[in-house]
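A short worksheet on the structure shown next.
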Amino acid sequence: MRRTPLLLALGYMLIVAFALLTLLMGDDAMVGVTLLILGFPWTWLLGMVIDTLNPDALASGVLGVAVGVVGAAVNALIIYVVARSIVMRRTDRAG
């Protein structure tokens with residue numbers, strides 16, 4: 001039960017890794033959408049900040065992929081923290 005938050009976060013990052021793999025191996029222009037959706041809303045917020053600072057920065061795909069990975073990592077952290085608080089609350093009630 002105490003490993004559940006870590007397993008959830010790692011499972012989410014595994015899905016992100018598969019999305020990143022399809023992005024790197026695919027040749028369609030829309031394959032990156034999955035990674036951006038997995039990192040939403042942070043990809044949108046970071047994209048807005050970067051676009052405000054330098055409008056041409058996101059034209060290269062490398063920064064867009066980095067923004068997607070960072071956004072997904074923030075989401076994985078949120079999943080871990082929320083799941084951990086739920087597990088801790090349940091173990092406090094059971095104990």
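What you see below is based on every heavy atom in this structure, not just the backbone, and it leaves out hydrogens, waters and symmetry mates.
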Residues in side chain to side chain contact (heavy atoms under 4.5 Å, CB included) contact with [X], at least two apart in sequence or another chain:
| X | answer |
| --- | --- |
| Ala17 | none |
| Ala66 | none |
| Asp27 | none |
| Asp28 | Met30, Val31 |

Starting from [Y], can I reach [X] by hopping between I/L/V/M/F/W/Y residues whose side chains sit under 4.5 Å apart?
| X | Y | value |
| --- | --- | --- |
| Val81 | Leu6 | yes |
| Val87 | Ile79 | no |
| Met25 | Val16 | no |
| Leu45 | Val74 | yes |
| Leu38 | Val69 | yes |

In Å and rounded to the nearest 0.5 Å, what is the [atom1] to [atom2] distance from [X] to [Y]?
| X | Y | atom1 | atom2 | answer |
| --- | --- | --- | --- | --- |
| Leu21 | Leu35 | CG | CG | 11.5 Å |
| Leu8 | Tyr80 | CG | OH | 11.0 Å |
| Leu77 | Met13 | CG | CE | 10.5 Å |
| Ile78 | Tyr12 | CD1 | OH | 9.0 Å |
| Arg2 | Met88 | CZ | CE | 7.0 Å |

Give every residue pair that meets the side chain to side chain donor-acceptor pair (under 3.5 Å) criterion with at least one member in residues 32-50, sequence neighbours excluded.
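Listed by first then second residue: Trp42-Asn75.
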
With respect to Asn54, which candidate in Asp56, Thr52, Asp51 satisfies the side-chain contact (heavy atoms from CB on, under 4.5 Å) definition?
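Among Asp56, Thr52, Asp51, the one meeting side-chain contact (heavy atoms from CB on, under 4.5 Å) with Asn54 is Asp56.
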
Considering non-hydrogen atoms only, spot the tightest contact between Ala9 and Ala76 and give its length.
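Ala9 and Ala76 have their closest heavy atoms at CB-O, 3.7 Å.
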
Considering only Ile, Leu, Val, Met, Phe, Trp and Tyr, and joining two whenever side-chain heavy atoms are under 4.5 Å apart, list the other residues clustered with Leu53.
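So far as hydrophobic clustering goes, Leu53 is joined with Val49.
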
